[in-house]
Amino acid sequence: EPSPALAAALMPFLGHPAVSARSAAARGLASVCEEAEDADLTAALLRAILALHRRCGGDIGLLGNHSGVAQAAFPTDAAARAAAEADEDEAKAAKSGSGIGSAARWMARDGCMRALRELATSGAFPVPSIVSALAHVISRGLSDRVEAVRVSAMAAGEGLVETYGAANTASMLATVEEALDAGPGGRLSAGTEERRNWQRGGCVVLLGALARHLAPTDSRVSGTVTTLLDTLRTPSEAVQRAVARCLPPLAKVLKSESGRIVTGLLESVIHGDSSAVRRGPTSSASSPPSSSATATRRRTCASRPLAPPAP
């Protein structure tokens with residue numbers, strides 16, 4: 001029978017060294033919430049997952065002392081503490097597949113992001129916590145130093161948008177745009193430019209996914225497309241690849257914006273002031289286009305006069 005004790009028993013496995021065990025624990029936690037249909041239990045579990053994610057940069061020995069994680073599964077507010085910065089050994093261990101000692105902390109963070117994804121796609125996510133959870137994913141998940149955790153965080157964010165974006169477009173869009181517009185001192189901003197670039201790469205994907213929930217006539221569509229095109233000019237390959245995945249689906253759904261999307265891409269390719277800036281639009285243009293986008297591209301290219309040959 002679903003109970004807090006069962007959820008607490010599953011929590012330690014979010015930090016298991018085997019990714020299959022982390023995924024199974026995440027699915028199990030979501031199943032507990034689905035079967036219990038208990039809003040208080042689900043809210044408590046969400047608080048526990050977010051708290052564990054914050055705490056897992058500390059000295060909880062995830063591999064050597066699973067019971068210690070179980071005891072921390074439902075921490076009180078007084079027990080919560082800020083996450084500690086992971087050291088370089090953690091990132092190196094993640095790349096090598098090792099999970100020895102303190103380096104295993106990244107596995108717990110990965111497990112927490114997987115659990116958020118499962119909670120979201122199951123439809124059991126506490127609705128009042130959707131926006132705050134999305135902010136957590138953006139600020140702490142997308143900026144993680146370990147790529148595997150960032151991938152899971154991206155999946156968690158997409159899960160929230162796919163399941164709850166249609167009913168919460170305005171508030172979720174505001175959170176994503178806040179993260180994109182913020183500078184180094186922003187509420188959701190990471191501490192270094194490299195990490196902020198990782199955040200931007202994830203946020204533009206979420207921005208494009210949310211825009212699909214807007215009506216083509218919605219005034220926010222134009223602003224969203226502009227933000228995507230502006231972000232595409234950022235000389236960061238991670239950001240450019242993320243936007244390249246967003247624009248083709250938007251061109252198909254928001255047909256009225258297809259012309260501006262293609263024109264913006266061509267302008268960046270032709271007049272970009274560096275190879276890094278020009279690379280982004282070419283990545284997006286090489287994605288499989290919709291028929292309307294293809295027609296618009298042909299019209300745009302046909303109407304543009306050819307430049308004279310270089311002397």
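Note that the numbering runs from 1 along the sequence shown for the chain.
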- Which residues satisfy the side chain to side chain contact (heavy atoms under 4.5 Å, CB included) test with Glu37, sequence neighbours excluded? none
- For Ser143 and Gln199, which heavy atoms make the closest approach, and how far apart are they? CB-CG, 3.7 Å
- Quick one: side chain to side chain contact (heavy atoms under 4.5 Å, CB included) partners of Arg150, sequence neighbours excluded? Asp144, Glu147, Trp198
- Item | Pairwise side-chain contact, Val205 with Glu158, heavy-atom cut-off 4.5 Å (strictly under) | yes
- So CG of Leu119 and CD of Glu34: to nearest 0.5 Å the spacing works out to 9.0 Å
- Message: Could you check whether any side-chain heavy atom of Asp110 comes within less than 4.5 Å of a side-chain heavy atom of Val151, counting everything from C-beta outward?
- Response: no
- Query: So do the side chains of Pro184 and Arg196 get within less than 4.5 Å of each other, counting heavy atoms only?
  - Reply: yes
- Task: For the residue pair Leu214 and Thr169, establish whether any side-chain heavy-atom pair is separated by less than 4.5 Å.
- Result: yes
- Message: Given 3.5 Å as the limit, does a donor-acceptor pair link the side chain of Thr175 with the main chain of Val131, or not?
- Response: no
- Message: If the condition is salt bridge (charged side-chain N to carboxylate O under 4.0 Å, His left out), which residues does Arg27 pass it with, not counting sequence neighbours?
- Response: none
- Message: For the CG atom of Leu46 and the OG atom of Ser132, what is their distance to the nearest 0.5 Å?
- Response: 7.0 Å
- Please walk me through it: do Val137 and Leu206 pass side-chain contact (heavy atoms from CB on, under 4.5 Å)? CA-CA 11 Å; Val137 168; Leu206 299 179; 5.7 Å; no
- Query: Roughly how far apart are Leu50 CG and Ser129 OG, rounded to 0.5 Å?
  - Reply: 8.0 Å
- Item | Pairs satisfying ring pair (Phe, Tyr, Trp, His ring centres under 6.0 Å), at least one member in residues 116-144, at least two apart | His53-His136
- State yes or no: do Val149 and Val19 share one hydrophobic cluster built from I, L, V, M, F, W and Y residues joined by side-chain heavy-atom distances below 4.5 Å, directly or via other members? no
- Item | Pairs involving residues 163-191, ordered by first then second residue, that meet salt bridge (Lys or Arg N to Asp or Glu O under 4.0 Å) (sequence neighbours left out) | Glu178-Arg187
- Task: Mind jotting down which residue pairs meet the ring pair (Phe, Tyr, Trp, His ring centres under 6.0 Å) criterion with at least one end in residues 147-176? Sequence neighbours excluded, please.
- Result: none
- Considering all heavy atoms, the nearest Ala124-Cys33 contact: CB-CB, 4.0 Å
- Shortest non-hydrogen contact from Ala179 to Ile138? CB-CG2, 3.7 Å
- Message: Just so I know, are the side chains of Val204 and Val176 near enough to count as touching, which here means a heavy-atom distance under 4.5 Å?
- Response: no
- Note on the structure: dist Met154:CE -> Cys203:SG (nearest 0.5 Å) comes out at 8.0 Å
- Query: Leu14 and Ala25: which non-hydrogen atoms are nearest, and at how many Å?
  - Reply: CD2-CB, 4.0 Å
- For the side chain of Arg195 and the backbone of Ala190, is there at least one donor-acceptor N/O pair under 3.5 Å apart? no
- Item | Minimum heavy-atom distance Ala115-Ile49, with the two atoms named | CB-CD1, 3.7 Å
- Query: Could you give the distance from CG (Leu134) to CG (Leu160), rounded to the nearest 0.5 Å?
  - Reply: 6.0 Å
- Item | Sidechain-backbone polar pair: Ser152 side chain, Arg114 backbone, donor-acceptor under 3.5 Å | no
- Query: Any side-chain heavy-atom pair from Thr42 and Leu45 closer than 4.5 angstrom?
  - Reply: no
- Task: Please report the closest heavy-atom contact between Leu210 and Gly165, naming both atoms and the distance.
- Result: CD2-CA, 4.1 Å
- Query: Do His213 and Leu173 touch side chain to side chain, with heavy atoms closer than 4.5 Å?
  - Reply: no
- Message: One thing to verify: whether Glu193 and Arg200 come together as a salt bridge, which I'm taking to mean a side-chain N less than 4.0 angstrom from a carboxylate O.
- Response: yes
- Query: From Ile130 CD1 over to Met172 CE, what is the distance, rounded to the nearest 0.5 angstrom?
  - Reply: 6.5 Å
